[in-house]
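Here is the structure we will look at.
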Amino acid sequence: MNEIAAPVSYDFAAAEPAWQRAWADARCFEVDDVPDAGRPKYYVLEMFPYPSGKIHMGHVRNYTLGDVVARYKRARGFQVLHPMGWDAFGLPAENAARERGIHPGTWTRSNIANMRAELQRMGLSIDWRREFATCDADYYGQQQRLFLDFLAAGLVERRESWVNWDPADGTVLANEQVIDGRGWRSGALVEKKLLSQWFFRITQFAPDLLAALDGLNRWPERVRTMQAKWIGRSEGARVRFPLDVPEAGLSDLEVFTTRPDTLFGMSFVAVAPEHPLAASVAARNEAAASFVAECRRMGTSEAAIETAEKRGFDTGVRVGHPFLPGRSFPVWIANFVLMEYGTGAIFGCPAHDQRDFDFATAYGLPIPPVVVPQGEDAATFAVTDRAYDGPGLIANSGFLDGLTNDAAKAAAIRALEATGAGNGVVNWRLRDWGISRQRYWGCPIPIIHCAACGVVPAPLDTLPIRLPEDVSFDRPGNPLDHHPTWKHVACPQCGGPAARETDTFDTFVDSSWYYARFCSPNADVPVTRAAVDGWLPVDQYIGGIEHAILHLLYSRFFARAMCETGYLAVREPFAGLFTQGMVTHESYRGADGRWLYPEDVERRPDGSAVARHTGETVTVGRIEAMSKSKRNTVDPGAIVGRYGADTARWFILSDNPPERDMEWTEAGVAGGYRFVQRLYRLAQGSAGEAPAFPESFGPDAMALRRATHRTIALVTASFESFAFNVAVARIYELAGAIADADKNVNDYGMKFARREAIETLARLVAPAMPHLAEEIYASLPGTSGLVANAAWPEADPALVAAQSVTIAVQVMGKLRATIEAAPGAPADAVIAAAAAEPNVARLLDGKRVVKRIHVPDRIVNFVVAP
RNA sequence: GCGGGUGUGGCGAAAUGGUAACCGCAUCUGACUCAAAAUCAGACGGGGGCAACCCCUUGCCGGUUCGAGUCCGGCCACCCGCACCA
């Protein structure tokens, strides 16, 4: 990094804190819990941060984007709710406690203090009075109350279930937190384990969560697609196959299929290793038991990676077939059948399903074809190399013969329903949300377990159930569980000895309703109706794409659940969603292969790089997302210290479109810094006197005024569409136009035009560079108050309208000349002028013009005969 | 495999179906300076031509259109998400 050696005219280090104080003193960004009915509201929210200790560039980008929107909307006359808080529960605090003996609360509070100061240095327009952390008892106590209301409303249930067990963290993970068979945080291989767990019944809302995606037209298409796939609706049938001999207390085996049209092509039935029937067989058959145990070891991990090999175990159990009386089929345990999907059992139709085909081939099972593609003969068609899963006519299928797939599906379902052997159903991929975590640093689940009364909700007047402070992390497992006294309480029902639930909520619960709490953060109920009715939904939510599924789906569920329990009227919490790209940087490695921080590397003009202190040669690696492991991070604090917050914000906005990944470069920041200084210097030229509106303007002054008003219109349009980089380009142009004008006459009209341009510039850059904007605005004569409270500039339509337009002249679609014309000039005159252009006339000479295209103020195109 | 996205100068990029490359970064040249930095001015997709001008160029091939970066069809590459979902 190069030091800025030049004499600095704008002292951002003094100005930025001063303006931040001025905004705080004027309470510019504070709004009421209940918005004014008379003014439009706008709720801007960025995903709140986990208090890891320091902000990173991803935060800077996220909060800069949100702040620009908030300040812009405020200038446009909206009352803007723009809050900030902390997603403060979670495992890192416990890790810090184990590793360094710091209490998780102490660690978290000190991180929050640090990060709050860093965010405040960015000059964000936040109503800090609304700040809270999810580890505040005021917050998580209300969350406990929500849970109890959800429980009473039938939205929560407790059940035994196979869970994903993270042996490294000693906790349960949701399916969504298992990535490639590994814990999303620890990276440890996940095992299957049977535990009693609390579940939010999110599947109740599956149809609504899917259908409502259509209405979220201010969400990125890909996020909606990801959610739709995650919810995973599929139409099919449940089919019951009678067991020849009852097994596991079952007289039949239930299967889900989307292909009831291929029921006559059945070759076998297969159940998941976790299926009760598999357990029952394993109980009396050692070989089956060892197969099941092997599958469990593989868990979701190896299986996901080694997708190829299909393995199974023939249980010896046999089932009948609803359409084929007298026939019987084998029941296998198969490693590719998922207990979590459908009924945990399938019927195998190898001819028309590739997985079943692979399995049947491996174990020598029959492959009877029942769907005949067009052009094939039912008598001779056979499936040999791979399954045929395309369309065709049904054959070898009794009453279904000759039907199309769709007709056969319907007919098969009718037949199943008539005999009671099955029925048509819609199946969902979405699973209920398991929320129990065996951890200390989370919100305690407000439940008491009594030997006599069973599961008893904690009485409302005992909330919040606070975490105990005196906990030890000197042994593995959950400190709440081995706390000497905390969990021992009297049963609220019978008064006998009972124990608190020692599990805490998944931290995704904490972040599923914080947007609602921000509306009335100090209420002694979870939310107050007038506040949430006034402010929700969030008009613009901004954050990373990594939360496209989990956090957003859970929040959508919570809004629905809070509607059902009377807290909200809004079922969709986020009307608009913007997903920003990542911040990337070059990575560097020393000769010995270790990663180097950018601040320790010097780029040479020839493109090579050396270590700043040792001079050793450095290899420049890929440009990738900033990460601690690659050490390609840049500390926002250092950047703000060296260049100021406005420069950092400006560079972030100017570099590229915000939804794309941006590359953080030293040259880019330095460029932003130069513009900050340039703007400041330009503004000095209009200090000192306040010109009144002149009687007339010279041509140069008029040109500058037109540039000013055109810029207002263009920047406004760009802001509306999140095209901040385009807005920046237009602002650069206006700055250039002022500098150009300074070379010309400086009459009275020009003085006015120049001052108007400078003031406009200050207001236009205010959302992006709020401190500099105030500094400039205050230096101009005739201004008063803060830009933060000023209205957005209005473009004068008369000055925006072009005085003359450049019309492209084409011959046969190729550009041959341009002409100037008055806007709206009649077609005849424009075409005549175009034809008179020497270059055009030359090309038209001797040719027959068959068509003259004229698009007003745009283009003339002559089409000539060949 | 399925779904989504992206592909334009050295780089980040711009462009209601209507002058492709605005603006910035980097680079080069000039002014200022003893000198450098900063600042200011200019050049900057490729090729041809003394010039006027001409040709080529938005991943590739084709189509629609007076006109395509933009719309349609088919490929290629890369990125992201999901993935034994029955």
Side-chain angles (χ1 to χ4, degrees), chain A residues 2-9 180 220-230 232-234 236 255-259 262 270 303-304 306-310 334-338 340-349 352-356 358-359 427-430 545-546 548-549 605 607 651 654-657 659-663 665-672 674-675 677-678 681 714 718 723 725-733 735-736 739 743 806-818 838-839 842 850-864:
Chain A
N2 301 313
E3 295 302 320
I4 297 294
V8 171
S9 46
D180 284 340
E221 187 59 41
R222 73 169 167 148
V223 174
R224 290 194 285 174
T225 307
M226 283 162 72
Q227 292 224 347
K229 290 202 72 168
W230 191 264
R233 181 182 195 275
S234 63
V255 151
F256 173 74
T257 180
T258 55
R259 295 296 304 271
T262 65
E306 295 292 330
T307 56
E309 183 148 13
K310 299 208 169 15
N335 67 346
F336 68 94
V337 179
L338 305 174
E340 302 82 41
Y341 189 75
T343 62
I346 61 153
F347 87 86
C349 177
H352 306 294
D353 183 287
Q354 188 59 38
R355 295 157 304 182
D356 299 346
D358 295 342
F359 190 75
N427 195 57
W428 302 85
R429 181 183 177 276
L430 184 68
I545 188 73
E546 66 273 18
I549 297 175
F651 169 51
S654 65
D655 188 60
N656 69 348
E659 68 276 10
R660 295 192 204 168
D661 289 353
M662 75 168 284
E663 188 192 351
T665 61
E666 192 63 26
V669 197
R674 278 200 299 275
F675 184 66
Q677 295 299 340
R678 181 175 183 219
R681 283 195 306 273
L714 293 169
S718 300
N725 56 323
V726 181
V728 165
R730 300 294 82 85
I731 286 167
Y732 274 121
E733 282 176 336
K743 292 173 210 155
T806 306
I807 293 176
V809 184
Q810 298 180 341
V811 179
M812 295 300 280
K814 280 187 185 292
L815 181 74
R816 297 303 179 189
T818 59
N839 204 33
R842 179 174 62 79
V850 296
K851 204 166 178 183
R852 292 170 181 81
I853 313 281
H854 173 245
V855 179
D857 299 347
R858 283 282 183 182
I859 203 161
V860 173
N861 188 10
F862 295 98
V863 184
V864 297

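Every heavy atom of this structure was used, including side-chain atoms; hydrogens, water molecules and symmetry mates were not.
- No contact: A/R233 has no heavy atom under 4.0 Å from any strand.
- If you take atom P in B/U70 and the same atom in B/C54, they sit 24 Å apart, rounded to whole Å.
- The base of B/C22 sits within donor-acceptor range of the side chain of A/R730, with an N or O pair under 3.5 Å.
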Does the pair A/V728 and A/F651 meet the rule for a side-chain contact (heavy atoms from CB on, under 4.5 Å), with working shown? CA-CA 10 Å; A/V728 165; A/F651 169 51; over 6 Å; no
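- A/R224 comes within contact range of no nucleotide atom at all, as no heavy-atom separation falls under 4.0 Å.
- At the heavy-atom level, A/R222 lies under 4.0 Å from the strands shown only through sugar-phosphate atoms.
- Across the C1' atoms, B/U57 and B/G9 are found 10 Å apart, a figure rounded to whole Å.
- Taking atom CZ of residue A/F675 and atom P of nucleotide B/U39, one finds them 13 Å apart after rounding to whole Å.
- Counting any heavy atom pair closer than 4.0 Å across all strands shown, A/V255 reaches no nucleic acid atom.
- Remark: B/G73 base-pairs with B/C61. Criterion, Watson-Crick or G-U wobble with two distances under 3.5 Å.
- When rounded to the nearest whole Å, the span between CH2 of A/W428 and C1' of B/A86 equals 17 Å.
- Comparing A/D356 and A/V863 against RNA chain B, the residue whose closest nucleotide sits nearer the 5' end is A/V863.
- Residue contacts shown for A/T665 are absent, as no nucleic acid heavy atom lies under 4.0 Å away.
- Taking atom CD1 on A/I545 and atom P on B/G5, their separation rounds to 12 Å, with Å as the unit.
- Rounded to whole angstrom, the span from the CZ atom of A/R816 across to the C1' atom of B/C66 amounts to 14 Å.
- Nucleotide B/A41: paired with B/U29 (Watson-Crick or G-U wobble, both distances less than 3.5 Å).
- Base pairing of B/G24 is made with B/C11, judged by Watson-Crick or G-U wobble geometry with both donor-acceptor distances under 3.5 Å.
- At the phosphate of B/G67, neither OP1 nor OP2 sits under 4.0 Å from any side-chain N or O atom of A/R852.
- In this structure, CE of A/M226 is placed 10 Å from P of B/A83, rounded to the nearest angstrom.
- Two residues, A/T818 and A/R660, neighbour RNA chain B, and the one matched to the more 5' nucleotide by heavy-atom proximity is A/R660.
- Taking CD1 of A/I346 as the start and OG1 of A/T257 as the end, the distance is 9.0 Å to the nearest 0.5 Å.
- Spacing between atom CG of A/D353 and atom C1' of B/C84 amounts to 9 Å, rounded to whole angstrom units.
- Residue contacts for A/N839: at a heavy-atom cut-off of 4.0 Å it reaches the sugar-phosphate backbone alone, with no base atom in range.
- For the segment residues 853-862 of chain A, the set of residues with a heavy atom within less than 4.0 Å of an atom of RNA chain B comprises A/I853, A/V855, A/R858, A/I859, A/N861, in numerical order.
- Distance check on atom C1': B/C60 versus B/C76 gives 7 Å, rounded to whole Å.
- By the side chain to side chain donor-acceptor pair (under 3.5 Å) test, A/K814 is found to be paired with no residue, residues two or more places apart in sequence or in another chain being considered.
- When both pairing distances are held under 3.5 Å, B/G1 makes a Watson-Crick or G-U pair with B/C82.
- In this model, no side-chain donor or acceptor of A/K229 finds a partner on the base of B/C82 within 3.5 Å.
- Between the CD1 atom of A/I731 and the P atom of B/G24 there is a distance of 13 Å, given to the nearest Å.
- Atoms CG (A/N725) and C1' (B/G24) sit 10 Å apart, rounded to a whole Å.
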